[in-house]
Asks: 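Provided herewith is a single structure, encoded as structure tokens, for subsequent inquiry.
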Amino acid sequence: MSKESLPYIVGQGDAVLKLFGQRTVDNSAAYLKDSLEPHMTILDVGCGPGSITIDLARRVPQGRVTGVDTESARPTLDKARAQAEREGVKNVDFRVGDALALPFADASFDVVHAHQVLIHVTDPLRMLAEMRRVAKPGGLVACRTWDDGTLMMVPPSEGVGRARAITQRVMDFSGRNFEAGRYTPRWAREVGFKPANIKVTTSNYTSYTPAERYYFASMMTNVLKESPMKTVALEKGLATEEDFERGIAAWEEWTTNEDGLSVGVNVEILCRV
Ligand SMILES: C[S@@+](CC[C@H](N)C(=O)[O-])C[C@H]1O[C@@H](n2cnc3c(N)ncnc32)[C@H](O)[C@@H]1O
């Protein structure tokens with residue numbers, strides 16, 4: 001199996017999509033808010049269940065937002081379309097397309113946005129170059145990207161450490177970058193943005209309340225329970241069933257620990273074309 005052919009490792013399971021579906025512009029793209037104007041056209045690359053995409057559309061009432069995701073996300077895009085219809089948001093559409101070969105002409109959008117996608121593609125430079133290509137001169141490319149290497153958590157847990165090591169092994173094996181967040185400013189420069197035109201900010205995922213711990217741990221355990229990541233790890237001998245079982249149990253134990261805290265960094269880049 002070549003690296004290119006390995007699937008998006010999180011997959012399109014209902015439980016994961018439900019968690020992603022809680023994302024909004026306020027909680028996931030706040031760094032972009034002040035740059036939005038009512039008439040803008042926006043492309044949301046790797047839009048998933050589309051809750052951010054639909055929220056972006058509400059913020060550009062005279063503009064238009066397009067969400068794009070892979071062929072394997074076709075049913076997810078159908079659900080996103082249905083949600084937009086239920087919510088009465090008409091200036092949004094969803095279509096299948098590859099972030100590494102975006103199906104749009106050069107200079108098509110005022111803003112090209114991606115939330116938590118650069119960490120999941122095999123060629124983040126190509127994705128950023130594509131985002132730059134379809135943005136209009138003077139427009140913006142905006143990405144928020146998790147850096148899994150920044151996660152600190154207490155109490156320390158051997159089981160969680162083991163589970164995280166599996167994720168890192170599968171990501172390495174499949175040509176993804178576990179620490180993608182920290183490299184995004186460099187990648188932006190490498191695809192042609194001038195450093196003076198790259199604004200870098202950060203925002204954390206902080207989990208302390210029971211609800212926050214539950215949300216964060218659920219993200220992790222859903223992938224350990226059933227996902228392309230698990231299939232690849234078992235098939236390639238990168239982990240055992242026991243590693244997964246211990247990892248799930250350890251995350252669940254952490255969720256119920258009233259001193260449990262985790263903090264990790266997202267890196268945001270706002271690049272002027
Ligand atoms: C972690 S999810 C983020 C979804 C959404 N942006 C959000 O934050 O709720 C990553 C998304 O990227 C999509 N994706 C992965 N590789 C892709 C590619 N090559 N082209 C387009 N989308 C891709 C996945 O299908 C998935 O929906």
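Every heavy atom of this structure was used, including side-chain atoms; hydrogens, water molecules and symmetry mates were not. Start at 1 and go down the list; that is how both ligands and their atoms are numbered.
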Asks: Using the ring-ring contact (aromatic ring centres under 6.0 Å, His included) rule, collect all pairs that involve residues 71-119, keeping only residues at least two apart or in two chains.
Replies: Phe104-Phe109

Asks: I want to check a possible cation-pi pair here: Lys230 against Phe244, using under 6.0 Å from ring centre and within 45° of the ring axis as the test.
Replies: yes

Asks: Non-hydrogen atoms closer than 4.0 Å to ligand 1: which protein residues do they belong to? List them by chain and number, please.
Replies: Tyr8, Gln12, Phe20, Arg23, Gly46, Cys47, Gly48, Ile52, Asp69, Thr70, Gly97, Asp98, Ala99, His115, Gln116, Val117, His120, Val121

Asks: Do Arg132 and Phe193 form a cation-pi contact, if we require the NZ or CZ to be under 6.0 Å from the six-membered ring centre and within 45 degrees of the ring's axis?
Replies: yes

Asks: When the side chains of residues 12-20 are checked against the rest of the protein, which donor-acceptor pairs come out under 3.5 Å, sequence neighbours left out?
Replies:
{"from": "Gln12", "atom 1": "OE1", "to": "Thr76", "atom 2": "OG1", "distance (Å)": "2.8"}

Asks: With no hydrogens and no angle check, do the side chains of Asn27 and Gln22 hold a donor and an acceptor under 3.5 Å apart?
Replies: no

Asks: In chain order, what residues pass the side chain to side chain contact (heavy atoms under 4.5 Å, CB included) check against Glu226, with sequence neighbours excluded?
Replies: none

